[in-house]
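What follows is a single structure, written as structure tokens, with notes after it.
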Amino acid sequence: MPPFNTVDTPLLTVYKASAGSGKTWRLTVEYVKLILQRPDSYRNTLAVTFTNKATAEMKERILNALWTLSHLDIEAQPDGMTATLIKETGLTPATIKANASLSLQLLIHDYARFRVETIDSYLQSILRNLARELGIGTGMNIELSNETVLGEAVDDLLDRSHEDPERLNWITDYIEEQYREGSVLRIDNQLREFGKTIFQEHFKEKAGALQEQLASKGFLQRYKRELQTLLAKKEAALKQATVPFFDLLTAHDLTIDDLSNKSSGPAGYFIKLQKGTWEQNDLLGVRVKDAMDNPDAWVSKTHPRRKELTALAIEHLTPLLQETERLRQSLVTDIATCRLCIKHLSNVGLLTDIDTTVNRLNREANRFLLSDTNALLSSLITGQDASFVFERTGTELHHFLFDEFQDTSRLQWATFKPILLEGLSNGNHSLVVGDEKQAIYRWRNGDWRILSTLEHQLSTVPVQVR
């Protein structure tokens, strides 16, 4: 991989490669290059990893590299990392040795500013410095356990359920759904497990909009009625589409038994659709698919009116089947969406109520959930000038080196993106390394698609993907 901080290279290099291809080695090289070119540049550089173990290993790699370079034999033939550094920095072995020795001394005496951190550690440092803007007082208690707070919220919600008929209906609907699925044991335990959803990023991103909508009493019931009306309309349109088929048979004095394979043949498509079966796997068997392209598939070879039926299939039956299938495909998504929404609509209300209760209890206890860090920072930083963040955190970062970027979550990226763009807009180079195939932190909301679309998301700056 070519150096990322030369004149001819784009401001951001995205390095994608499989396991064992040297991504971490390249990140170490780039960090050391920055230090060799300016020994105190570690103060303006942030390397981000995802685990404490990876952080310790990265620091050890950098320090070992600097120690090795500080003891470099300038008369010997360079190899390995040394040869790479000489080639990519353009520095002489003597300069590299001197700068490595100086930077090593600086790092040891200024170790707190050696910024190789986990992504969570860095975001929490921003949180501490922006506490006032985020409304977090100095006396606020930081709560590490989501489950402890969730348990309190569920107990409070059940105790107060009689005070709100709509909430009581949501809880009742949830219990009935669990009972139908055969999974009701203790409702409080079920709600605690169900309530964990509020700590997922996909819920946090929509929580504000949901709470705003549900502030209007009866909103979900009105919305449910609208969905039921829309569903009935779509299903009626599908059933109505079968009428021309049955009218055609009647007009030609035919029955289902006159067609090939009777109700098990292509006619079965219209029979099932008329009864409300619209799923593709239930409708599109081999015989139906054959009848869409081959009119002969409608007619038995021994039928006494074979010639007449073949002509009818060519002119009407096959085109009608094709047209009806196109209509079904255009309606199937709407029908499936309506059915799922109606089924789970009460659960949305219940989740939002749990989330509201958690927030209220946290305010009353002067408590802040550590898991809310990403969402809180994202809400503040998104749309803000990133220089504001640098100013308030008392940090001036120029270069960012991201390791295992495929495990970054959407909210983490929403926080990092404006800060990264600030550095790039000032002509400073950064590096991202990762591999979508190695994404392992989905359980922590890691989203590999961020890495795969990074060039598009940062279209305002020169990006090179390798």
- Please step through salt bridge (Lys or Arg N to Asp or Glu O under 4.0 Å) for the pair Asp188 and Arg192, ending with a clear verdict. CA-CA 6 Å; Asp188 55 343; Arg192 286 188 182 95; 3.5 Å; yes
Partners meeting side chain to side chain contact (heavy atoms under 4.5 Å, CB included) with [X] (sequence neighbours left out):
{"X": "Thr172", "answer": "Leu168, Glu176"}
{"X": "Asp73", "answer": "Glu75, Ala76"}
{"X": "Asn426", "answer": "Glu422, Asn428"}
{"X": "Lys196", "answer": "Glu147, Leu150, Glu193"}

- Identify, with sequence neighbours excluded, every residue that meets ring-ring contact (aromatic ring centres under 6.0 Å, His included) alongside Phe402. Phe405, Phe416
- Message: If the condition is ring-ring contact (aromatic ring centres under 6.0 Å, His included), which residues does Phe199 pass it with, not counting sequence neighbours?
- Response: none
Pairing residues for [X] by the side chain to side chain donor-acceptor pair (under 3.5 Å) criterion, not counting sequence neighbours:
{"X": "Arg38", "result": "Asp40, Asn44"}
{"X": "Ser145", "result": "Thr148"}
{"X": "Gln329", "result": "Glu325"}

- Item | Sequence neighbours excluded - side chain to side chain donor-acceptor pair (under 3.5 Å) pairs with any residue from residues 101-111 | Tyr42-Asp110, Arg43-Asp110
For residues 228-238, which side-chain N or O atoms pair as donor and acceptor with protein atoms under 3.5 Å away, sequence neighbours left out?
residue, atom, partner, partner atom, Å
Thr229, OG1, Arg225, O, 3.0
Lys234, NZ, Asp334, OD2, 3.4
Glu235, OE2, Arg339, NE, 3.2
Glu235, OE2, Arg339, NH2, 2.6

Please output the side-chain donor-acceptor pairs of residues 340-349 that fall under 3.5 Å, not counting sequence neighbours, one pair per line with the distance.
residue, atom, partner, partner atom, Å
Ser346, OG, Asp173, OD2, 2.7
Asn347, ND2, Glu177, OE1, 3.2

